[in-house]
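Before any comments, here is the structure.
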Protein chains: 2
Amino acid sequence: MPDAQTKSTIQVIDRMMSLIDALVRHPGPANLKQLAVETGLHPSTAHRILAVMVDNRLVDRIEPGTYRLGIRLLELGNLVRFRLNVRQEALPFMQRLHEALHETVNLSVRQGDEVVYVERVDSSAHMMRVVQTVGTRAPLHATAVGKVFLAEDGADAANAYAQRAGLNRLTEHTLADIAVLGSELGQVRLQGYAMDREEAEKGVSCIGAGIRDDDGRLVAGLSVSAPSDRLDPAWAARVRETAEQISRAMGYVPRA
Amino acid sequence: MPDAQTKSTIQVIDRMMSLIDALVRHPGPANLKQLAVETGLHPSTAHRILAVMVDNRLVDRIEPGTYRLGIRLLELGNLVRFRLNVRQEALPFMQRLHEALHETVNLSVRQGDEVVYVERVDSSAHMMRVVQTVGTRAPLHATAVGKVFLAEDGADAANAYAQRAGLNRLTEHTLADIAVLGSELGQVRLQGYAMDREEAEKGVSCIGAGIRDDDGRLVAGLSVSAPSDRLDPAWAARVRETAEQISRAMGYVPRA
DNA sequence: GGGATCGTTTCATAATATAAAATCGGCCCG
DNA sequence: CGGGCCGATTTTATATTATGAAACGATCCC
């Protein structure tokens, strides 16, 4: 709700939105009197605004005097979802994170037993270039974001992955023991991010967090990678927070 | 867009909706000038209304002067979807269909290899009572709605079903041959409804059509059943049309 | 540097939304 | 069956707001 002092307003639109917000708060249908009281509007004013919203299908009048959110909102919402693109939504946030930390910022998605890098922001002026490019793949267990995906699935699915894909070593630090990996994934669930400590590439470490869509599904991962001597574990909070901001831009609404 | 003569209007809400409709028509972001021209609004008026919608997150301003539909619409749309219930949405339509045809109207959903009846509208005053009650199940191949679901899946899935569940006869008319069933399902795909000609129960016939959700998924089926001598194949159009109306009430938007 | 174009802001006033009052509809009770 | 009560709906005078012409700002191009 815009603040009357700081934002432009059109009173009748603000009133309309306050009626919509009141309907949001009601799990079931709401009647006119309730809506007028909750919004502080005169009942005849509330009635007029609701009638116009009914005409526009933003609100549905189930029976005289009883209202609920209308089907046009679902139609419009699906258009928004259809047009959203995690890569496009993520890019401005990745750029900001890169400017804050001066390290490579990646976006990856899961494809079967691998993560695939779909976007990357870095500065080619860096002395020691991190060799990860868009389109490359890596096994789930050896990457930060991969471990975020495995943590999401639960212990049984992680065990199945281990049996199916094998916990192959890419470096001497790769987690190749299922008990060790399981314990690590438990940690990931608790802290909401994962770390890759030279597990995918010698000398390179990484912090990753998950990105969710409007249904709460884990659809992508955000990660920051750097040479191990430069990576600061304190960046984990920034990575997790940025991943959450991207999630919100995708329509994710955190639940209690 | 409400007609100015017949519906209540609030000018600024109608103007706001015309801006939203213009943004709907633009697959990508639209600029202020375009939006003003398309809606017939003065640019400063369009600017003011868009600014208020940006504050309310109905619209997103990507960069100065460039707009797209906002994330609040996705949030509201998901609330609508979350609250929708096919049974509840279908009931008024089922009642109307029952009043028109004076026969039993059923709502069923698929569970694995069976359909389950979840709602029914009939008149217990009828002489010959159709013995189908809410909660009962029937195999897919022997019911009208079941055949609608099988038709949706494609020939391979239908063959797999036949092998897995078996095409058991419930009456002498049950389609027990996979070639005959396959041909029937092809017909169902073409005509958009299915018929059960005493395949589930001797003396009882049925016409069924599919109900889709806002994602286009087949989520339920509507059917009319009657003693065979009373069932009129011309009712198929009514059944299909009513199933489509329920689909729309669920947020389904037909595509070209 | 100037012109063109689009976006944004200002403010006088034309136009509209508001809400008080009246009316309607439904329900309950005696 | 009639009256009372309450919520919903409609009417309409006018208080208040949304409008758009004009001015200003930003950017681009010649």
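Residue numbers start from 1 in every chain, and the chains themselves are labelled A, B, ... in the order their sequence lines are given, proteins ahead of strands.
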Side-chain-base donor-acceptor pair under 3.5 Å for B/Thr45 and D/dA18: no
If you go through the side-chain atoms of A/Ser44, does one of them form a donor-acceptor pair with the base of C/dA21 closer than 3.5 Å? no
Below the 4.0 Å mark, does [N] have OP1 or OP2 next to a side-chain nitrogen or oxygen of [X]?
X       : N      : answer
B/His42 : D/dT19 : no
A/Arg15 : C/dA19 : yes
A/Arg48 : D/dT10 : no
A/His47 : D/dA8  : no

Is a salt bridge present between B/Arg68 and A/Glu89, judged by a nitrogen-to-oxygen distance below 4.0 Å? yes
salt_bridge(B/Glu244, B/Arg240) N-O dist < 4.0 Å: no
Rounded to whole Å, please give me the gap between [atom1] in [X] and [atom2] in [N].
X       : N      : atom1 : atom2 : answer
B/Leu35 : C/dG7  : CG    : P     : 9 Å
B/Ile10 : C/dA15 : CD1   : P     : 19 Å
A/Gln34 : D/dC6  : CD    : C1'   : 14 Å

Which of B/Arg212, B/Arg217, B/Arg110 passes side-chain hydrogen bond (donor to acceptor under 3.5 Å, both in side chains) with B/Glu152? Answer is B/Arg212
A/Gln11 or A/Asn31, whichever maps to the more 5' nucleotide of DNA chain D: A/Asn31
Report the residue (B/Ile49 or A/Arg61) whose heavy-atom-nearest nucleotide on DNA chain D is the more 5′ of the two. A/Arg61
Can you check whether A/Thr9's main-chain N or O pairs, donor with acceptor, with B/Arg48's side chain at less than 3.5 Å? yes
